[in-house]
Structures are given as structure tokens and as C-alpha cells.
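Below: the structure, in C-alpha cells.
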Amino acid sequence: MLAYIIRRVAQSALVLLIVGLVAFAMFRFVGDPIDNMLGQERTADDIERLREQLGLDQPFVVQYYRFLENAVQGNFGVSYRQGRPVIDILMERAPATLELAAVSGILAVLFGIALGVFTAIRRKGIAANIIMSVSLIGVSLPTFLIGILLIYLFSVELGWLPSFGRGEVVDLGAWTTGFLTASGLKALILPSITLGLYQMTLIMRLVRSEMLEVLRQDYIRFARARGLRNRAVHFRHALKNTMVPVITVIGLQVGAIIAFAIITETVFQWPGVGLLFINAIQFVDIPVMAAYLMLISVMFVGINLIVDILYFFIDPRLRVDRKGGH
């Protein structure tokens with residue numbers, strides 16, 4: 001078990017190094033930040049002096065090494081645009097993104113599993129067929145279009161919910177939350193539905209598929225032959241075995257919610273790290289872009305690592321294979 005965890009941690013660290021290298025290399029083709037930082041009356045000496053101050057005159061390998069060395073210590077440099085430490089800017093924006101991702105993830109997992117089980121048990125019912133047909137919307141339509149449609153319906157036409165922003169927030173010191181105000185909760189509804197709809201439909205369809213497969217197994221027939229009630233068969237035996245492969249996908253989708261919140265934040269002008277990244281691209285703010293990609297990579301890889309370890313405990317076949325291998 002310990003060897004398995006060490007191997008997975010080593011693989012995760014290697015992935016982070018590769019992601020950081022690729023991202024850092026791509027930034028060289030985004031543009032020159034000096035053009036945005038200096039005015040039209042800049043001179044060659046001004047350009048050279050600023051480039052030296054920022055360390056942009058150093059070779060690529062040196063810049064990347066310094067970036068990794070500082071990043072490990074939590075120092076991502078200073079924003080070229082705002083002139084403030086990048087870590088401070090990210091800490092200001094992170095609560096908005098994490099709250100949005102948390103609400104979207106909870107909605108996606110709860111409704112995805114519940115609807116998946118329902119459509120599997122009542123697969124020939126009218127309600128199940130309607131749900132499966134409607135779920136095609138979440139799978140087929142792009143996220144930004146879903147967001148625009150929700151804004152048009154609930155904000156423009158009905159006027160029930162706000163179309164942009166986070167609403168009123170409460171400052172708790174190191175954290176700002178919208179959960180404690182009515183306007184903050186209302187502002188969360190449309191973005192969280194937009195962000196979680198695709199993941200919800202994906203989880204629902206996967207749970208349905210796995211559940212139908214499990215219900216065809218011999219041990220389910222044996223359980224029915226013993227006279228067990230349908231509820232016991234469905235939820236004590238079938239659902240438990242259905243969730244083994246689904247957990248991996250849920251972990252990946254939770255990571256995807258955090259990583260791809262950037263589109264939803266842009267549509268709803270949600271003041272999170274995704275919108276910060278978009279603005280950083282426009283101003284070629286390399287420290288902010290690099291820090292964003294590294295933090296998202298750490299979250300994504302960390303979630304996948306946790307899922308892999310949980311999968312090892314949940315699926316007894318892995319433990320048996322490991323013992324058999326030794």
C-alpha cells in the first residue's frame with residue numbers, strides 16, 4: 001500500500017513539472033509584457049532596464065528554475081499589471097471560484113447519482129425517458145451557450161435572478177463568502193447550474209449505464225431469488241457495486257469543474273481566478289498566468305491522487321491483485 005501511494009505521488013509530481021514546463025514555454029508566444037507596462041514614449045534603455053528587473057533577459061531554463069524555486073515557497077512573483085504579489089491577488093479571488101465549484105460539484109454529484117439510479121430502475125417509464133432526452137441538452141450544448149440562455153430566461157425575461165457578479169459578500173477575514181447573504185445565494189444559482197450541468201448529465205448517464213450492467217449480473221438474480229425486496233437489491237447490492245467505477249469519473253469531473261470554471265466566470269463576470277486569468281492574458285501578465293495554471297494543476301492532480309487512493313480501498317480486486325503480485 002505504501003509503495004502504491006509513493007509511486008502515485010511521484011507520478012503526480014512529474015505531471016506537475018511537465019505542466020509547468022509546457023505552460024511556461026507557451027507564455028513566450030503570448031506576447032511581450034514590456035509593451036503593456038511601458039508607455040509610447042519608452043526608450044531602449046527603459047525597455048532594457050525593466051527587462052533586467054523582471055529577469056526576462058535570462059535564458060528560459062534559468063527563468064523556469066527560478067519560477068519553480070519560488071513557487072515551492074509560495075512566491076509567484078509580482079503581477080505586471082497590478083504591481084502586487086500574485087499570491088495576494090489569488091487569495092482574494094480564490095473564495096469566489098471555490099464556492100462556485102463547491103456548489104456546482106455538490107449539485108452535479110447529488111442530482112447525477114439520484115437521476116442515474118432513477119432512470120436505471122425505471123428505465124421504461126415515461127419520466128425516465130423524458131429525463132434522458134432532456135439530459136442531451138447538458139451534454140450537447142456548450143457551457144457558454146447554456147449560461148447565455150439561462151441569463152436571457154431568468155434575468156432578462158423573468159427578472160428573478162442577477163445576470164452577473166457575486167452579489168453581497170461577508171468578509172470573514174481571510175475568506176469572503178456569499179453564502180451568508182440573500183443576494184450572494186441568488187447570484188450563485190445561475191453560474192452553479194451552468195457550470196455543473198454538463199458534469200451532472202455525464203455522471204447521470206454513467207451511473208445509469210453501470211447500474212443497468214450490474215442489474216444483469218448473476219448475484220443480483222440470486223439476491224432476487226432469495227426473496228430480497230427491490231429496495232435492498234437496488235441500493236444495498238446494485239448501487240454499491242455501481243459506484244466503484246463511477247467514483248473515478250466523479251473525481252475527474254470535480255477537478256474539471258475547478259479547471260474549467262473559467263468559461264462560466266467569463267459569461268457571468270464572476271470575480272474568481274478564472275476571470276483573473278482571462279484578464280491576465282489580455283495584459284500578458286505572465287506571473288498571474290503561470291500561478292493560475294500551476295495552482296489549477298495542483299488541485300486537479302491532487303484530486304486525482306485522492307481518488308486513486310480511495311479507489312484502492314473501495315475496490316477489493318486491486319488489493320487482491322497487489323497481494324497476488326507479491
Side-chain angles (χ1 to χ4, degrees), residues 1-30 54-56 58-79 85-95 97-98 101-102 104-105 109 174 199 244-262 272-274 276-277 280-281 285-315 317-319 321-323 325-326:
M1 175 62 189
L2 181 60
Y4 175 81
I5 294 177
I6 293 175
R7 186 170 65 252
R8 293 296 300 135
V9 171
Q11 292 173 352
S12 300
L14 179 61
V15 170
L16 290 176
L17 288 175
I18 295 175
V19 170
L21 179 61
V22 173
F24 205 79
M26 289 176 59
F27 294 151
R28 298 172 65 89
F29 303 99
V30 175
L54 298 177
L56 298 178
Q58 300 293 327
F60 172 79
V61 177
V62 176
Q63 294 183 42
Y64 179 61
Y65 174 78
R66 288 181 177 176
F67 169 74
L68 290 180
E69 185 180 23
N70 293 328
V72 172
Q73 303 173 12
N75 179 17
F76 294 99
V78 177
S79 169
V86 174
I87 190 64
D88 293 343
I89 300 174
L90 291 176
M91 292 301 293
E92 291 176 358
R93 296 293 194 101
T97 296
L98 292 178
S104 301
V109 172
Q199 280 73 22
V244 173
V246 172
I247 287 176
T248 301
V249 176
I250 289 178
L252 292 173
Q253 294 309 307
V254 171
I257 285 177
I258 298 175
F260 302 120
I262 182 172
V273 292
L276 176 68
F277 179 69
I281 292 177
D285 199 343
I286 294 178
V288 173
M289 292 189 289
Y292 170 83
L293 290 178
M294 287 301 296
L295 290 179
I296 292 299
S297 300
V298 169
M299 290 182 185
F300 204 95
V301 172
I303 290 173
N304 288 330
L305 177 61
I306 294 173
V307 169
D308 287 341
I309 295 175
L310 289 176
Y311 200 78
F312 186 88
F313 286 104
I314 293 173
D315 193 347
R317 294 172 297 181
L318 291 178
R319 297 195 294 273
D321 291 342
R322 296 296 299 173
K323 292 179 181 179
H326 291 299

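Note that the structure is predicted; figures quoted are calculated from it, not measured. Keep in mind that the numbers below use all heavy atoms, side chains included, and drop hydrogens, waters and symmetry copies.
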When rounded to the nearest 0.5 angstrom, what distance separates [atom1] in [X] from [atom2] in [Y]?
X      : Y      : atom1 : atom2 : result
Ile257 : Phe300 : CD1   : CZ    : 10.5 Å
Asp88  : Arg93  : CG    : CZ    : 13.5 Å
Asp285 : Ile89  : CG    : CD1   : 7.0 Å
Leu90  : Ile87  : CG    : CD1   : 5.5 Å

N/O donor to acceptor pairs below 3.5 angstrom from side-chain atoms of residues 11-21, sequence neighbours left out:
unit_1	atom_1	unit_2	atom_2	d
Gln11	OE1	Arg8	NH1	2.2
Ser12	OG	Arg8	O	2.9

> side-chain contact (heavy atoms from CB on, under 4.5 Å) between Ile262 and Tyr292: does it pass, once the steps are laid out?
Replying inline: CA-CA 11 Å; Ile262 182 172; Tyr292 170 83; 4.0 Å; yes
>> I'd like to check the side chain to side chain donor-acceptor pair (under 3.5 Å) partners of Thr97; sequence neighbours left out, ordered by chain and number.
In response: Glu265
> Of the non-hydrogen atoms in Val273 and Ala94, which two are nearest, and what is the gap between them?
Replying inline: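 Distance-wise, the nearest heavy atoms are CG1-N, 3.9 Å.
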